[in-house]
Asker: 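Structure in structure tokens, see below.
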Amino acid sequence: MKNKANFFDLSKWRFGNQLLFVFFLIFLTTGVIVNYLNYYLQVNRFQNLIYHKVKLTRELLTSAILTPLLNEDFDKIERYLMNVVDTENQVIGVKLISSSGIILLSAIQSNGTTKIQYPRSPFELQLEDKYIERESDWLYIFPVKVTPQSPPLAWISLSYSKELLTTIKRESLLTNIFTFLAALIVNFLIIGIFSKTFQKDLNLITDFLINLPERYGSFSRDVLHSQEMQTLQSIANKLSAILKEQREKIYEEKNKLETIQNVIKEGLVVVDRDLKIIHFNKAFLGLTESPPQGDLEGVRLPDILPLHEEDSNECLWKGKIISLIDKFLLGETDLSNVEAVQRLSDGMERYLELSFSPYQLETGKRGLVVLMRNVTERKKLQKKMLIMDKLETVNKLAGGIAHDLNNYLASLYNYLNLLKLRLLKQEISFEDNFNKLESLLTKMTNLTYQLLNLSKGNAPIMKPANITDLIKEVANFCFSGSPITFSLKEEGEIRSFLFDENQMAQVFQNLFINSKEAMPEGGKVSVTLTVKEKPQTQEGSAKEKWVVIEVSDTGTGIPEDIMSRIFEPFFTTKKTGSGLGLTIVSQIIKNHGGEIEVHSKVGVGTTFVLKLPYKEVSSTEEMKTDTPSWNFEGLRILIVDDEVDIIEPLKVILSDLGFEVEAVSSPLKAMDLFREALEKKRPFEIVLTDYTMPDMTGDKLIKTLKKINSEFKAILSTGYADITITSNTEEYQFDGILKKPYKFEDLLKTLHFVIYK
């Protein structure tokens with residue numbers, strides 16, 4: 001068994017024997033291929049002959065039976081079919097089939113004679129122009145037509161025998177086998193002669209070349225006999241000298257490379273496609289928190305150096321790197337300057353910057369060279385600078401807001417002083433003063449909304465409203481008493497749709513004021529509204545629409561060099577401007593799911609294009625925007641808010657509206673009061689709650705109360721600006737929302753909406 005195993009182990013053979021064996025395999029393989037091709041060509045030649053015969057038979061038979069078939073002369077058709085059936089031509093059967101699939105006539109070869117039959121039975125196969133190879137024959141089905149474009153008058157089925165092909169295959173196979181065996185015998189004789197003549201010299205030089213990497217020098221040329229082998233001996237001696245010189249150079253270069261790698265402060269590691277370590281430098285070991293003992297070769301890089309993406313618990317290797325390695329090696333993506341976080345056992349974090357480069361391994365496969373830089377100090381410095389930038393931004397923002405707020409407060413105090421003076425004089429009419437006070441409070445509210453919009457957290461409260469009426473109202477306010485001409489054009493009917501009236505009023509107010517300041521001596525502001533279809537992002541998706549609003553003026557225009565900066569916070573070209581107006585406009589439009597564009601030409605004017613999602617609301621929804629009734633008699637309402645100054649006046653207002661009011665400042669007390677009312681069978685129809693409160697948030701309070709009794713309406717009253725809360729009220733089980741501060745009319749509309757919807 002041992003000798004048998006050694007025989008099949010080619011690595012144990014002499015070089016000469018291996019060479020002879022290779023020659024034998026080449027001859028054997030070539031012989032098999034040549035014989036197979038010869039066999040295949042003979043069979044293919046016969047099949048092509050059959051195909052040619054079929055083509056001729058089809059043309060002759062189709063033209064021959066066309067006229068008899070039109071005249072229904074079946075005697076003549078019968079003669080034609082009998083002439084077609086011929087064992088010498090391998091045609092063993094022919095059938096005439098009607099266009100409906102019924103066999104009208106068949107001629108079949110049986111025992112040397114041709115039989116004619118009229119079976120009038122259905123044809124067993126589908127009628128179409130095709131070729132079918134079966135076990136014992138080939139079947140050809142083709143139509144008989146008057147013209148190529150006309151429908152088939154009938155179909156013909158020809159059956160060709162495979163008997164002659166079987167005979168040809170057998171004879172061809174035997175001939176090729178005998179030829180191949182004869183050539184094999186001759187090859188053995190040639191190999192035997194070659195082996196005796198050259199084997200000794202070949203074995204000698206093979207021994208020398210096999211041991212060449214381990215020894216240097218030369219062997220005597222006296223032992224070799226042929227000129228060719230002596231030439232090989234000379235080449236082998238030269239290779240021995242070159243190999244010695246190259247080994248010394250490689251050893252020297254290896255020492256230099258290792259020295260350079262170990263001097264580099266960045267960690268360097270070479271890995272294969274599966275991130276298994278092949279090579280590394282000393283700096284890499286310094287990055288590993290607890291390197292394992294022994295050789296690291298074959299250890300996976302993620303196991304010895306776990307890294308995470310910044311601000312995430314996701315493993316960098318399993319997430320970003322693994323998913324991009326194949327694309328990176330193909331040059332389809334970039335993996336340079338990848339930032340990662342190393343979380344150390346002492347709770348500290350180390351920031352690393354990784355750069356990947358493709359590397360050709362000795363195996364021919366591709367790997368990666370990973371360069372790792374410790375950028376922890378740089379990151380700390382960047383964070384400090386970011387904090388300083390934020391503080392500077394807050395200072396600018398606070399200064400501008402404080403300035404405007406002080407102006408509003410000064411005006412507010414003046415009106416209060418005027419009211420006091422009129423009270424002392426016992427004057428009765430205060431309506432004008434109250435309206436101006438309300439207007440000032442509205443401006444202060446809008447100021448806080450601007451802050452919230454700027455923070456990108458103030459979610460729009462989407463309600464059905466008419467955008468045209470809103471634009472007219474804002475335009476009247478902004479352009480009243482100015483030399484500016486305003487026009488509004490509505491292309492097609494634009495019905496009420498969902499948007500936040502307060503926020504959109506801020507948008508148009510900022511745009512109109514900018515236009516007004518760009519035209520100090522007068523000009524024209526025009527607004528055009530159009531409904532257009534939104535481009536489909538996916539084929540087959542539902543069609544959506546935009547309301548496209550173009551706000552144009554004939555002002556000074558915006559220079560090209562500052563066009564790209566007009567939406568930046570605090571960027572302004574005005575001496576008294578805050579630089580927040582267009583920033584707020586852009587943020588509001590984006591929060592509505594819309595888009596904004598700007599086109600301008602110096603000396604001609606500027607056009608802002610606003611695109612808002614347009615979805616018509618039903619007539620029922622439009623009715624809900626009408627002024628509500630005050631019929632709230634007998635309804636019970638529970639107020640939950642931790643601000644006493646909010647609860648006290650709200651109790652009086654709701655009581656005057658007809659509500660039975662209970663108010664508490666604690667969510668826990670609210671739950672007790674809710675249960676008590678339910679036990680007395682006097683449940684609350686409405687619960688109006690703040691969001692941020694001690695012990696429990698407003699949404700958790702409502703969910704808890706819904707478990708006790710779900711038969712009530714919930715209203716969120718909050719100044720909280722979180723988008724997920726204010727734009728997903730149904731998910732948080734709120735029926736309506738009041739954003740602090742709110743007007744008396746807003747309170748009425750919301751109460752009416754949640755009660756009667």
Side-chain angles (χ1 to χ4, degrees), residues 449-450 452-475 488-512 526-552 567 581-599 607-625 716 721-732 734-737 739 746 749-750 753 757:
Y449 281 158
Q450 289 185 22
L452 294 175
N453 289 327
L454 194 62
S455 70
K456 302 183 181 181
N458 192 27
I461 305 301
M462 312 294 274
K463 293 182 180 179
N466 189 301
I467 194 74
T468 306
D469 293 342
L470 177 68
I471 295 173
K472 290 178 181 177
E473 182 181 343
V474 176
L488 188 146
K489 182 180 179 182
E490 188 176 312
E491 297 181 356
E493 182 183 2
I494 299 178
R495 301 183 59 187
S496 295
F497 64 99
L498 298 176
F499 62 89
D500 188 313
E501 284 188 277
N502 289 329
Q503 292 190 8
M504 291 308 300
Q506 291 179 56
V507 168
F508 293 111
Q509 182 177 331
N510 282 322
L511 293 179
F512 290 161
S526 58
V527 178
T528 304
L529 295 93
T530 314
V531 175
K532 296 182 179 180
E533 285 193 0
K534 183 178 179 182
Q536 291 179 278
T537 55
Q538 293 182 348
E539 188 175 350
S541 60
K543 292 184 178 179
E544 299 179 354
K545 294 181 179 180
W546 286 122
V547 172
V548 181
I549 308 168
E550 296 185 12
V551 181
S552 302
F567 294 112
L582 290 180
T583 305
I584 292 168
V585 168
S586 174
Q587 191 58 48
I588 290 175
I589 296 300
K590 288 179 181 178
N591 284 348
H592 276 73
E595 298 176 1
I596 184 169
E597 300 173 5
V598 59
H599 310 282
T607 299
F608 284 88
V609 182
L610 313 179
K611 298 179 182 179
L612 297 173
Y614 178 69
K615 184 179 180 183
E616 296 180 8
V617 296
S618 64
S619 57
T620 305
E621 289 176 299
E622 287 188 87
M623 289 173 60
K624 293 172 185 175
T625 64
L716 174 65
D722 183 65
I723 289 179
T724 58
I725 302 294
T726 55
S727 61
N728 298 287
T729 52
E730 291 185 4
E731 180 183 341
Y732 289 87
F734 290 112
D735 299 283
I737 181 171
K739 292 189 72 174
D746 295 331
K749 284 183 180 180
T750 303
F753 175 77
K757 72 173 180 177

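The first residue in the sequence is number 1, and the count goes up from there.
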Asker: Does Lys532 count as lying over the ring of Trp546, i.e. NZ or CZ under 6.0 Å from the six-ring centre, within 45 degrees of the axis?
Answerer: no
Asker: Give, for atom OG1 of Thr607 and atom CD of Glu597, the distance between the pair rounded to the nearest 0.5 Å.
Answerer: 11.0 Å
Asker: Check the pair Thr530, Glu491 against side-chain hydrogen bond (donor to acceptor under 3.5 Å, both in side chains), reporting the backbone distance first and the verdict last.
Answerer: CA-CA 5 Å; Thr530 314; Glu491 297 181 356; 3.2 Å; yes
Asker: Supply the atom-to-atom distance Leu612 CG to Met504 CE, rounded to the nearest 0.5 angstrom.
Answerer: 4.5 Å
Asker: Tell me yes or no: between the side chains of Asn591 and Gln587, is some donor less than 3.5 Å from an acceptor?
Answerer: yes
Asker: Please name the residue in the list Ile467, Val474, Asp469 that meets the side chain to side chain contact (heavy atoms under 4.5 Å, CB included) test with Ile471.
Answerer: Ile467
Asker: Grab the two heavy atoms, one from Leu498 and one from Pro464, that are nearest each other, plus how far apart they are.
Answerer: CD2-N, 3.4 Å
Asker: What are the two closest non-hydrogen atoms of Phe499 and Asn466, and how far apart are they?
Answerer: CZ-C, 4.0 Å
Asker: Any chance you could lay out the side chain to side chain contact (heavy atoms under 4.5 Å, CB included) test for Ile549 and Val527, step after step, and finish with the verdict?
Answerer: CA-CA 7 Å; Ile549 308 168; Val527 178; 3.8 Å; yes
Asker: Rounded to the nearest 0.5 Å, what's the gap from NZ on Lys611 to CD on Glu595? Could you check?
Answerer: 5.5 Å
Asker: Taking atom CD of Glu473 as the centre, report whether more than 12 heavy atoms of other residues, nucleotides or ligands fall under 6.0 Å from it.
Answerer: no
Asker: Side-chain contact test, heavy atoms from C-beta onward, threshold under 4.5 Å: evaluate it for Leu582 versus Val598 and give yes or no.
Answerer: no
Asker: Once rounded to the nearest 0.5 Å, what's the spacing between atom CG of Leu716 and atom CZ of Phe734?
Answerer: 4.5 Å
Asker: Can you see which heavy atom on Gly593 is nearest to which on Pro613, and at what distance?
Answerer: O-CG, 3.5 Å
Asker: Look up atom OH in Tyr614 and atom CG in Leu529, then write down how far apart they are to the nearest 0.5 Å.
Answerer: 10.5 Å
Asker: Can you tell me how far apart NZ (Lys489) and OG1 (Thr468) are? Round to the nearest 0.5 Å.
Answerer: 14.0 Å
